[in-house]
Every structure is written in structure tokens, then in C-alpha cells.
Amino acid sequence: MPELPEVEVVRAGLERHVVGARIAAVDVLHDRPVRRHAGGASGFAADLTGRRIVGARRRGKYLWLPLDDPDTGDAILAHLGMSGQMLVQPVDAPAERHLRVRFALTGTEHGRELRFVDQRMFGGLSVSVGGAHLPPEIAHIARDPLDPDFDDAAFVARLRTRTSAVKRLLLDQTLISGVGNIYADEALWRAGIHGERPGERLTRQQAVTLLGHARDVMRAALAQGGTSFDALYVNVNGESGYFDRSLHAYGREGEPCDRCARPIRRVAFMNRSSYFCPRCQPVPRRATLTRAR
DNA sequence: ATCGCGACCTGGTTGC
DNA sequence: TGCAACCAGGTCGCGA
């Protein structure tokens with residue numbers, strides 16, 4: 001699943017390989033990925049044909065490609081969802097099994113085209129009117145911890161006012177973006193904090209430490225991802241796993257904790273799985289529950 | 001404002 | 001063997 005580091009690798013690839021190109025034609029092979037576009041599939045194609053890509057930007061896991069004017073123009077807004085890929089391919093390369101949208105381009109090196117491939121179609125594309133600087137559709141998405149303008153102190157303060165479980169807060173894109181289920185579990189493991197601790201029950205130092213670990217995990221993944229992709233092949237592998245060897249908690253149910261050797265546990269949380277070490281990340285006590293029994 | 005849950009998707013795996 | 005049920009999870013929209 002693409003998390004922030006993978007999305008950043010895709011952004012950098014798009015910046016290198018499609019910025020400057022003009023869209024000659026758009027072929028929408030499946031309606032679902034353009035469901036958020038007001039004009040539907042035909043409108044999506046019509047709105048983009050003939051326009052020039054002038055940038056590749058990102059906030060959290062959203063990507064956008066400003067069109068015509070990098071300050072005041074419209075933009076192609078994209079999210080990879082769980083299985084989305086942006087591929088820059090030779091025009092004669094065979095269609096991928098889950099190819100959804102094809103962008104014919106002029107002005108790329110080697111005559112390549114841009115393809116949106118997405119098996120599960122949680123991802124999507126739309127045209128954001130006037131969205132070159134920041135698409136209004138994603139104005140509610142917070143900055144990510146790798147963003148130089150991310151406000152550490154404000155995040156820590158907000159985290160500590162909330163009653164929700166801290167893992168839920170890490171996944172709340174209005175507080176901090178780019179953290180998915182995998183890296184949330186990793187950051188919590190590194191910090192020695194159980195994901196079900198309420199935000200308001202964290203000390204300031206714990207919140208600061210947790211944020212630092214979230215940032216470190218993403219930086220490490222970005223450092224690996226940045227060197228593991230071919231420069232001409234903009235890619236996010238939906239099955240990825242190039243960072244798997246560095247994971248301490250996620251997906252390791254029953255395996256010994258790398259710090260204390262106790263078996264990693266898996267529990268259901270938010271209709272997902274959470275992985276944690278029961279010793280390093282003790283389950284928070286619930287005074288009310290204890291009293292009720 | 002905040003909280004928490006269900007829906008949206010496909011395909012690989014598991015269970016009967 | 002065949003088929004159904006389950007699981008993965010980012011985001012949105014809704015009711016409370």
C-alpha cells in the first residue's frame with residue numbers, strides 16, 4: 001500500500017518525467033477512478049485534452065499536477081488509494097491488467113505516456129478548478145511531518161486535547177497527513193506507546209517522541225524507496241514491501257518483539273489490524289472498566 | 001467541534 | 001473440486 005514515502009517517490013518521478021509535457025488525449029477505461037470529477041469520464045477527458053503539465057506537488061498522500069499556470073491554473077488531483085500506480089510507459093507497452101486511465105502526451109523524452117493503474121480503485125483522479133497552488137478539495141488535509149512547515153508544537157498540543165485513541169489520531173489526516181496503518185503501528189512500537197491510549201493521556205514528552213518516531217519511520221522508508229526505483233519507471237508497487245524488512249510490529253503477529261522477545265500481538269481496531277508488543281506497549285488500564293467489575 | 005462506524009473495491013487466501 | 005466467506009485499508013460521509 002502506498003504510504004507517504006511511496007507517494008513522494010511517485011511525485012518526484014512525475015516531476016522528472018511528465019512536467020513540461022502536453023496532454024494530447026485522455027482515455028478513461030473505467031468510470032470509477034474519475035467518480036469525483038464533476039463531468040464524469042467524458043468531461044474528464046475533454047477538460048484535460050490540450051493542456052500542459054507544469055508541476056508535480058503533494059500534500060500527504062494526495063498528488064496534483066498543476067496545468068498551464070503553476071500559480072493560478074487548474075490541476076489534476078490524484079490519490080493512489082491502496083493499490084494505485086502512476087506509470088510512465090512507452091506508448092507501445094502492453095496494457096496493464098488494471099489500467100484505468102491513459103494520458104497520451106507530447107513533449108516527453110522517448111515518447112512516453114502516463115498511465116493510472118489501480119486494481120482496487122480506492123484511488124482516483126479529478127480536475128481541480130483553480131487547484132494549482134492547493135486544490136480546495138484537500139484544503140482540510142494537514143501537512144505531513146516531512147513538510148518543513150509542519151508545526152510540531154501545534155500538533156503536540158492538539159493531540160493532547162483529544163479523547164480519541166492515539167492511533168486514531170495518527171490516522172486523522174486533518175491533524176497529520178501521510179501516516180497510514182503500517183507506519184502508525186511502527187511509530188507506536190518505537191515510542192513504546194499503546195495505540196489505544198487516549199491522546200489526552202499522553203505527556204508532552206511522549207507526544208513529542210511519538211511524532212519524532214513517525215517522522216523517522218517515514219524518512220527511513222523514503223531513503224530506501226528513493227533508491228529502489230528505476231529512474232525512468234515511475235512506480236508504486238501495490239504489493240510493495242520493499243520496507244518490510246525494517247518493520248518491527250506491523251504484520252508480525254506471533255513473532256518475537258525485536259526489543260524484548262515477547263510475541264507481537266494483533267488486535268482488531270477501527271475495522272483494521274493493529275500490531276503491538278504487549279510488554280513494550282502496555283495496554284492502557286481502564287479505571288471505569290475495572291470498577292464496573 | 002468531535003467521535004466512531006460503515007461503505008466503497010478487487011483478488012488472493014482460507015474454510016467447509 | 002467448487003464456492004462462499006474473509007481480509008487487506010485510505011478516505012469520505014453520516015448520525016450521534
Protein-nucleotide distance ([X], atom [atom1]; [N], atom [atom2]), rounded to Å:
| X | N | atom1 | atom2 | value |
| --- | --- | --- | --- | --- |
| A/R36 | C/dC12 | CZ | P | 6 Å |
| A/L80 | C/dT11 | CG | P | 10 Å |
| A/L171 | C/dA8 | CG | P | 14 Å |
| A/R168 | C/dT11 | CZ | C1' | 13 Å |
| A/D118 | C/dT11 | CG | P | 13 Å |
| A/I138 | C/dG10 | CD1 | P | 17 Å |
| A/R35 | C/dC12 | CZ | P | 10 Å |
| A/D172 | C/dT11 | CG | P | 11 Å |

Side chain to side chain donor-acceptor pair (under 3.5 Å) partners for [X], two or more places apart:
| X | value |
| --- | --- |
| A/T108 | none |
| A/D151 | none |
| A/T174 | A/D172 |

Other residues, nucleotides, ligands: >12 heavy atoms within 6.0 Å of A/R279 CZ
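Check fails, neighbour count at 12 or below.
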
Listed partners of [X] passing salt bridge (Lys or Arg N to Asp or Glu O under 4.0 Å), at least two apart:
| X | result |
| --- | --- |
| A/D216 | A/R219 |
| A/E137 | none |
| A/R265 | none |
| A/E8 | A/R11, A/R58 |

Quick one about A/H98 and A/D118 (side-chain donor to acceptor, distance below 3.5 Å, no hydrogens or angles considered), yes or no?
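Note: A/D118 and A/H98 side chains miss the donor-acceptor criterion.
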
May I ask you to evaluate whether [X] reaches the phosphate of [N], defined as a side-chain N or O under 4.0 Å from OP1 or OP2?
| X | N | value |
| --- | --- | --- |
| A/Y62 | C/dC12 | yes |
| A/H79 | C/dG10 | no |
| A/R120 | C/dC7 | no |

Can you pull out how bent the helix from B/dT2-C/dA16 to B/dC16-C/dG2 is, comparing the axes over its first five and last five pairs, to 10°?
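Taking five pairs per end, the axes differ by 50°.
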
Applying side chain to side chain contact (heavy atoms under 4.5 Å, CB included), can you list everything that pairs with A/R143, at least two apart in sequence or on another chain?
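Testing A/R143 for side chain to side chain contact (heavy atoms under 4.5 Å, CB included), a comparison that skips the adjacent residues, returns A/R59, A/D147, A/D149, A/F150.
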
Considering heavy-atom distances to DNA chain B, does A/F122 or A/S164 have its closest nucleotide positioned more toward the 5' end?
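The 5'-side residue here is A/S164.
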
In terms of the nearest nucleotide of DNA chain B, which residue is placed more toward the 5' end: A/H30 or A/R158?
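Taking each residue's closest nucleotide, the earlier one in sequence belongs to A/R158.
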
Kindly give the cluster partners of A/I141, where membership spreads through any ILVMFWY side chain lying under 4.5 Å from a current member.
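A/I141 clusters with A/Y62, A/W64, A/L77, A/L134, A/I138.
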
Where along residues 268-275 of chain A does a heavy atom fall under 4.0 Å from DNA chain C?
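A/R272, A/S273, in order of number.
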
For chain A, the stretch of DNA chain B it reaches, first to last nucleotide, under 4.0 Å of its heavy atoms:
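Footprint of chain A along DNA chain B, 5' to 3': B/dT2 to B/dG11.
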
Find out whether the Lys NZ or Arg CZ of A/R252 is both under 6.0 angstrom from the six-membered ring centre of A/W189 and within 45° of the ring's axis.
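That pair does not qualify as a cation-pi contact.
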
